[in-house]
Amino acid sequence: MNKPDLIKQLQTILPADAVLFAQEDLKPFECDGLSAYRQVPMLVVLPETEAQVRDILLLCRREHVPVVARGAGTGLSGGALPLVDGVLLSLAKFKRIVSLDPLARIARVQPGVRNAAISEAAAAHGLYYAPDPSSQIACTIGGNVAENSGGVHCLKYGLTVHNVLKLRAYTMDGEMLELGSESLDAAGYDLLALFNGSEGMLGVIVEVTVKLLPKPELARVVMAAFASVAQAGAAVGEIIAAGIIPAGLEMMDKLSIHAAEDFVHAGYPLDAEAMLLCESDGTPEEVSEEIAKMEVILKRCGTTSLRTSANEADRLRLWAGRKAAFPAVGRISPDYYCMDGTIPRRELGRVLHRIAELSQEYGLRVANVFHAGDGNLHPLILYDANQPGEFHRAEEIGGKILELCVEVGGTITGEHGVGIEKINQMCAQFQEGELQLFRAVKQAFDPSGLLNPGKVIPTAHRCAEFGKQHVHHGQVAFPELPRF
């Protein structure tokens, strides 16, 4: 079916103004938060009912048109990058909180509901939704499920997968799936967990049931400055080794400290090489005891200064700099490339030292701000896209950092997903047998291969080109991603 005929067919499913095809209407959808990669989609559709989603998928399946689902577009791995010959299915109109049960402590929400909006709606009942990515004022719960998002409090309260009880989704064949249960367990294989982090490749999510938690009576945060990144990394390991699981345990290096302080004025120590934010929450007695234990450990590990939040406003101010670290770094560089990888905590010092070496080797600054408690790194590689070759060098550093994460026993992502950004490094992390299993899962849910094709799972030939694996006879060749 040609484009004009496809538009006419879609307009029998949707109002005419919900099918976008003019260049000026398509341009805002050309990328997600990884703006270095851009492609204008063939068409954008904006359904507002489940029936419309189902009918769009059925039409595209019949006409063999690929579909990319999109939430708020805040993702950082190119997972929602559209296709020039495909339909971008925006879930922006699915923004209703269907129900909120304070007794059961659950909320049923549509995928376009903002992360922060769930906690705002639950606040009247003394409840909140725990996962809190830095983009929580804008990112949506559907995208959070697709990427298995985390946040500064994921160390104690878990990632999205640990806070979602149930979801409803449609396959490319228009079949509706209900996965999970409002109870603590459900029979059969854990397909709910499989959908968390599936990056829109298995189905289009139309409703999510999340857990709500009681707001802690008290929360306080300790800010500790260090003369070296190694000392700060050692302190992280000591805190966890002592059996303490802070509500949040974050690290920032000197470059990110200066950028955040200049932007937010949170009172950060500008003479520090590294800084930790260690939060405790619970009853006043629990918080007081945990804070005291952490302060002893931080002093023993060589902190040069300690400050504990005096009240709630002070606590929020200290966190504001960390939450705004990405835009803060954006103020000191024309462009930056945000990486995401996870390593064992014991390797923090070694990995950060190697990142510093790569920064010197490639002549590009790297700001480090990350979830130190679970080893989830977010190196921000600063570059200027207007300078020839700088983005290519930033990509090279990023690839080397991800491969270093694998080398020390970690993984190439912690919460941003793979998308197109890390598809080559999937070849470094997984053997061909494992990748074949991933392809089999994709085939089981989407035999036509039309949902978000070319993302996450590399072909055997791509891995061979990347130099990590050999192509064996009999392996199936899958279509490659567009070259950028």
Side-chain angles (χ1 to χ4, degrees), residues 134 152-153 155 219-242 244-281 287-288 290-329 331-332 343 345-353 355-356 359 365-380 382:
S134 295
V152 298
H153 291 96
L155 175 62
R220 297 175 70 197
V221 62
V222 177
M223 179 177 68
F226 290 88
S228 74
V229 169
Q231 285 178 308
V236 171
E238 290 288 329
I239 289 171
I240 302 299
I244 300 169
I245 305 297
L249 182 50
E250 301 287 302
M251 185 189 293
M252 299 172 69
D253 69 3
K254 188 167 190 172
L255 184 54
S256 59
I257 290 169
H258 279 252
E261 179 62 18
D262 187 49
F263 183 38
V264 175
H265 309 296
Y268 287 171
L270 296 178
D271 58 342
E273 290 297 322
M275 180 189 82
L276 294 179
L277 291 172
C278 317
E279 181 161 288
S280 176
D281 65 8
V287 171
S288 179
E290 194 167 86
I291 290 285
K293 288 180 179 178
M294 287 196 293
E295 287 178 341
V296 168
I297 293 170
L298 293 166
K299 289 176 182 176
R300 188 171 70 238
C301 290
T303 181
T304 56
S305 68
L306 276 178
R307 173 184 160 193
T308 302
S309 59
N311 49 47
E312 181 65 3
D314 194 26
R315 182 186 77 89
L316 294 175
R317 187 179 306 109
L318 290 175
W319 277 120
R322 166 61 186 90
K323 287 277 190 178
F326 289 7
V329 169
R331 298 172 75 241
I332 64 172
I343 61 172
R345 285 182 293 265
R346 66 179 180 275
E347 300 288 353
L348 275 173
R350 171 185 168 187
V351 170
L352 291 173
H353 177 71
I355 290 174
S359 174
R365 294 179 296 168
V366 179
N368 290 286
V369 50
F370 54 93
H371 311 309
D374 60 357
N376 185 195
L377 308 177
H378 291 314
L380 304 177
L382 281 56

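All heavy atoms count here, side chains included; hydrogens, waters and symmetry mates do not.
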How about Glu279 and Leu318: do any of their side-chain heavy atoms sit closer than 4.5 Å?
no

Nearest non-hydrogen partners of Leu348 and Ala372, listed with the distance:
CD1-O, 4.2 Å

Side chain of Ser256, backbone of Asn368: donor and acceptor closer than 3.5 Å?
yes

Closest heavy-atom pair and its distance - Leu155, Ile245:
O-CG2, 3.9 Å

Aromatic rings His378 and His371: how do their planes relate, parallel, tilted or perpendicular, breaks at 30° and 60°?
perpendicular

Once rounded to the nearest 0.5 Å, what's the spacing between atom CG of Asp271 and atom NE2 of His258?
8.0 Å

Does a side-chain heavy-atom distance below 4.5 Å link Val369 with Arg322?
yes

Kindly indicate whether the side chain of Leu352, heavy atoms from C-beta on, has any atom under 4.5 Å from the side chain of Met251.
yes

Roughly how far, to the nearest 0.5 Å, is the CZ atom of Arg345 from the CD atom of Glu238?
12.0 Å

Given 3.5 Å as the limit, does a donor-acceptor pair link the side chain of Thr303 with the main chain of Ala225, or not?
yes

With a cut-off of 6.0 Å (strictly less than), are more than 12 heavy atoms of other residues, nucleotides or ligands near NZ of Lys293?
no

Quick check for you: to the nearest 0.5 Å, what is the distance between Ile239 atom CD1 and Glu290 atom CD?
9.5 Å

Which distance, rounded to the nearest 0.5 Å, do you find between the OG1 of Thr308 and the CD of Glu295?
4.0 Å

Shortest non-hydrogen separation from Ser309 to Asp314 and the atoms involved:
CA-OD2, 3.2 Å

With a 4.0 Å cut-off on N to O distance, would you call Glu312 and Arg315 a salt bridge?
yes

Looking only at non-hydrogen atoms, find the nearest pair between Met252 and Ile257 and report the distance.
O-CD1, 3.7 Å

Side-chain heavy-atom pair Ile244, Ile297 within 4.5 angstrom cut-off
yes

Heavy atoms, side chains only, cut-off 4.5 Å: are Cys278 and Ile291 in contact?
no

Atom pair CG (Leu380) and CD1 (Ile332), whose distance is rounded to the nearest 0.5 Å
9.0 Å

dist Leu298:CG -> Ser305:OG (nearest 0.5 Å) comes out at 10.5 Å

How close do Asn376 and Phe370 get, counting heavy atoms only, and between which atoms?
O-CB, 2.9 Å

Testing the basics here: between Tyr268 and Ala260, what is the closest heavy-atom pair and its distance to 0.1 Å?
CE1-CB, 4.0 Å

Should Pro269 and Arg307 count as side-chain neighbours, where that means a heavy-atom distance under 4.5 Å?
no

